[in-house]
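Letters go in sequence order (proteins before strands), and every chain restarts at 1. Everything quoted here is computed from the prediction, not taken from an experiment.
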Amino acid sequence: MPELPEVETIRRELEPQIVGATIVDATSHESAKFRPARDAVGGRFTASTRRGKYLLLGLHDDRELVIHLGMTGQLHVDPPTSSSTDPYTRASWHFDDGRTLVFRDVRRFGRIRVVPTGEHADITTLAALGPEPLGPDFTAEGLWQAMRGSKRRVKTQLLSQRPVAGVGNIYADEALWRARVYPAARTLTRSQAERLHRTIIEVLQAGVDNGGTTLRDYRTVAGDEGSNQHYLDCYGRAGEPCPRCATALRSQVWDARTTTFCPRCQPR
DNA sequence: GTTGCGTCCTGGACGC
DNA sequence: TGCGTCCAGGACGCAA
């Protein structure tokens, strides 16, 4: 399930493969979520950026191909000789040099848009994203202020992408565990926010450094698995001893999202 | 405006 | 072995 580190890993691998390529044709699944892929025909890739979990592929005509990978989205570039007939291909962009950029998404939770560069008002979540966690705009004070303004559970707020961009279930559980914050807390002290600010950066940077977390579907552009799954302390380890205090980690569903936490290190 | 829940979507795990 | 049920979760829509 691609979160910020996975999307950033894909972006870094993809950019040198697509910049300069012109899209001469495109196909897509009939769903409205994927049909806009065809709007990119005629564009030439100039650069790539990322906002949270959104991949922004710049085109020469002041437009952007915006891709959200959802839970199971994958991107790879097929060579001219490929005759792939993958039933889970949801969109493909054919280049002037014969290669094809393929968007594969088994569960069809991904989405694709083509918009004028920087005009994201129609993509509500993208437009409302909080600061980039690995950039200078993400501060402990800003996180605390953002969290103070809501009565929702701390983890639910993180998943909303508003206090900070790019955090999903895996990295939220890891950051909260490291910060010793109870995931269902509805208020944060300033010192808790400072710890959480630090641990969000730590876990996301580690994820990027390790090429992302592969639990099932995530693959890099080259088709490789990430390695961050080998360094997770908390997520998906319910029943196992907490690496810090040896208390059995617990799993609980809040707001329809499964959360793993340590009942001793992360008290109410 | 905020909050919480249902829905989308399908492969895999599990129980019978 | 085969079938049915449940679970995973990011984003969005809707009702309260």
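Contacts with DNA chain B (heavy atom under 4.0 Å) in residues 140-153 of chain A: A:Ser150, A:Lys151, A:Arg152, listed by number.
Within a 6.0 Å sphere centred on CZ of A:Arg63, heavy atoms belonging to other residues, nucleotides or ligands number more than 12. For A:Arg38, the CZ atom is densely surrounded, since the number of other residues' heavy atoms within 6.0 Å is greater than 12.
Per the geometry, CD belonging to A:Glu6 stands 11 Å off P belonging to C:dG10, to the nearest Å. Going from atom CZ of A:Arg113 over to atom P of C:dA11 covers 15 Å, rounded to whole Å. One interatomic measurement links the two molecules: NZ of A:Lys155 to P of C:dG10, which rounds to 8 Å at whole-angstrom precision. Distance A:Leu159 CG to B:dT2 P: 18 Å, rounded to the nearest Å. Per the geometry, CD1 belonging to A:Ile67 stands 15 Å off P belonging to C:dA11, to the nearest Å. The distance from atom CG of A:Leu4 to atom C1' of C:dG9 is 17 Å, rounded to the nearest whole Å. In this structure, A:Trp254 places its CH2 atom 14 Å from P of B:dC5, rounding to the nearest Å. Nucleotide C:dG9 holds its P atom 14 Å from the CD atom of A:Gln161, rounded to whole Å.
Residues satisfying the ring-ring contact (aromatic ring centres under 6.0 Å, His included) criterion with A:His120, sequence neighbours excluded, are absent altogether.
In this structure, the side chain of A:Gln161 engages the main chain of A:Leu159 through a donor-acceptor pair within 3.5 Å. Judged by distance alone, with hydrogens and angles left aside, the side-chain atoms of A:Thr46 form a donor-acceptor pair with the main-chain N or O of A:Gly58 at under 3.5 Å.
For the helix from B:dT2-C:dA16 to B:dC16-C:dG2, the angle separating the two terminal helix axes comes to 50°, with each axis derived from five pairs and the value rounded to 10°.
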Test side-chain contact (heavy atoms from CB on, under 4.5 Å) on A:Val114 and A:Glu64 and set out the steps. CA-CA 6 Å; A:Val114 176; A:Glu64 290 175 325; over 6 Å; no
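With a 4.5 Å cut-off on side-chain heavy atoms, A:Arg44 and A:Ile23 do not count as touching.
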Can you give the donor-acceptor pairs under 3.5 Å from side chains of residues 186-195 of chain A to other protein atoms, not counting sequence neighbours?
| from | atom 1 | to | atom 2 | distance (Å) |
| --- | --- | --- | --- | --- |
| A:Arg186 | NH1 | A:Lys151 | O | 3.1 |
| A:Thr189 | OG1 | A:Ser191 | OG | 3.2 |
| A:Thr189 | OG1 | A:Gln192 | N | 3.0 |
| A:Thr189 | OG1 | A:Gln192 | OE1 | 3.4 |
| A:Arg190 | NH1 | A:Glu141 | OE1 | 2.5 |
| A:Gln192 | OE1 | A:Thr189 | N | 3.0 |
| A:Arg195 | NE | A:Ala179 | O | 2.8 |
| A:Arg195 | NH2 | A:Ala179 | O | 3.1 |

Check: residues 126-139 of chain A side-chain donor-acceptor pairs under 3.5 Å, at least two apart:
| from | atom 1 | to | atom 2 | distance (Å) |
| --- | --- | --- | --- | --- |
| A:Glu132 | OE1 | A:Arg50 | NH1 | 2.9 |
| A:Glu132 | OE1 | A:Arg50 | NH2 | 3.1 |
| A:Glu132 | OE2 | A:Arg51 | NH1 | 3.0 |
| A:Glu132 | OE2 | A:Gly52 | N | 2.6 |
| A:Thr139 | OG1 | A:Gly142 | N | 2.9 |

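In this structure, A:His68 does not reach the C:dG10 phosphate: none of its side-chain N or O atoms is under 4.0 Å from OP1 or OP2. In terms of phosphate contacts, A:Tyr235 brings a side-chain nitrogen or oxygen within less than 4.0 Å of OP1 or OP2 of C:dG9.
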Scan nucleotides 6-15 of chain B nucleotide by nucleotide, 5' to 3', and note B when protein non-hydrogen atoms come under 4.0 Å of the base, S if they reach only the sugar-phosphate, - if neither. --BBBS----
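No contact: A:Thr72 has no heavy atom under 4.0 Å from any strand.
Of all the heavy atoms in A:Arg237 and A:Leu232, the pair that sits closest is NE-O, 2.7 Å.
Position along DNA chain C of the nearest nucleotide to A:Thr124 versus A:Ser251 favours A:Ser251 as the more 5'-ward residue.
A cation-pi contact, defined as under 6.0 Å to the ring centre and within 45° of the axis, links A:Arg244 to A:Trp177.
Ring centroids of A:Tyr182 and A:Trp254 are separated by less than 6.0 Å, placing the two rings close together.
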